[in-house]
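One is the number of the first residue; the rest follow in order along the sequence.
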Amino acid sequence: MTAVVRLDRDGSLDVNNSLTEIGGGQSTAMMIIAAETVGVKLSDAQPAWNDTGFLPDAGVTAGSRGTISAGSAMRNAALDLKWQILQQATTPRPPNDQPMLPGKPEDLDTGDGFVFLKTDPTKKVALKDVANSTGSPMLGRGTHTVPPNVSMSTFAAGFAEIEVDLDTGDVTLLRYVATNDVGKSVNTLGVEQQIEGAVSMGFGFALAEEMKFDPQGNFPVNWNWENYGMPTTLEHPKWADFTPIAIEPIDALGPYGAKGVGEPPTSPPGPAIANAIYNAIGVRIHDAPISRDKVLAAIAQMKK
């Protein structure tokens, strides 16, 4: 994974990587990481287009690796740029051979669009002035490779409350709480949306979605969305009863402790709903999706 960050002479930050934005807020997460690290306002940062013809390759957006992997490369690129800023601010410049700020690079820090003395933050210089002093934009470059013999683990738990109609076998999902270990929630809204989307897929897996095949020709017979039971808003709990919770232990190797969050929330809904159905009717159903015919068969078994 690689990334490039550019501080322009107007003080804005161009966040360059080719991690594809697929609706999970990847671009926003990259901007937050870069802006936080370099020390610019988020409003002064913007992403570049995800084109490997112009940008370094960041790999695929899959496997919940976007923030932790590409984000790590982005933070490294931002740290590289930040160090250049600190060096430039403390380097003597003509015509009087005086630095913009006294001290060594390690005596300075950045934030809110300025570079300043740690011991006296009132002594500061705008980042745009530092960039202008070079005569050209400043570039930071970063890469990330997963350390050897290191594996990141994510954890999730789901809690479902359901209602079973004993006459029709219909299962109504009343409430669902999704808790997920995300390390650090870099983009909180994006994390919550990722959890909700993944849980929604889990609902479909648990209750309706099934790929059926012709037993002789072995070809799919529900080959369009008309006959494939994806959940709609009618099959979800009401908004107030659908709760995503991000747990932040900050124990990961990712940028600022972030972990992946895309796929993990998909797993708990199936077993959580199956356990809730067992709690309701006293019979376990092990075969997903838990359709009405399976529920009715289980109810009939319960009555024997």
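Of the charged side-chain nitrogens involved, none lies within less than 4.0 Å of a carboxylate oxygen, so that Arg175 and Asp241 do not count as a salt-bridged pair. The pair Lys118-Asp107 fails the salt-bridge criterion, with no side-chain N (NZ, NE, NH1 or NH2) lying under 4.0 Å from an Asp/Glu carboxylate O.
The backbone N or O of Ile68 sits less than 3.5 Å from a side-chain atom of Ser72, completing a donor-acceptor pair. Formation of a donor-acceptor pair under 3.5 Å by the Asp8 side chain with backbone atoms of Pro137 is not found in this model. With hydrogens and angles disregarded, no donor-acceptor distance shorter than 3.5 Å links the side chain of Ser69 to the backbone of Gly66.
Remark: Phe155 engages no residue in a ring pair (Phe, Tyr, Trp, His ring centres under 6.0 Å) (not counting sequence neighbours). In terms of the side-chain contact (heavy atoms from CB on, under 4.5 Å) criterion, residue partners of Ala206 (sequence neighbours excluded) are, by chain and number, Ile273.
Using the six-membered ring where Trp is involved, His236 and Phe242 have ring planes that are tilted, between 30° and 60° apart.
Remark: Asn96 CG is packed, more than 12 non-hydrogen atoms of other residues, nucleotides or ligands lying under 6.0 Å away. More than 12 heavy-atom neighbours from other residues, nucleotides or ligands sit within 6.0 angstrom of CZ on Phe213.
Both tests hold for Lys124 against Phe114: distance to the six-membered ring centre under 6.0 Å, angle to the ring axis within 45°.
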In sequence, state the C-alpha distance, the side-chain angles, and the governing distance for Lys259 and Asp181, and then conclude on salt bridge (charged side-chain N to carboxylate O under 4.0 Å, His left out).
CA-CA 8 Å; Lys259 289 184 178 182; Asp181 168 13; 2.7 Å; yes
Given the rule in the side chain to side chain donor-acceptor pair (under 3.5 Å) test, do Glu235 and Thr232 qualify, once you have shown the distances and angles that lead to the verdict?
CA-CA 5 Å; Glu235 284 73 49; Thr232 68; 2.6 Å; yes
Begin from the C-alpha positions of Glu209 and Tyr228 and carry the test side chain to side chain donor-acceptor pair (under 3.5 Å) through to its verdict.
CA-CA 6 Å; Glu209 296 182 32; Tyr228 187 81; 3.0 Å; yes
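Across Leu127, Thr90, Asp129, a single residue satisfies side chain to side chain contact (heavy atoms under 4.5 Å, CB included) together with Val115, and that is Leu127.
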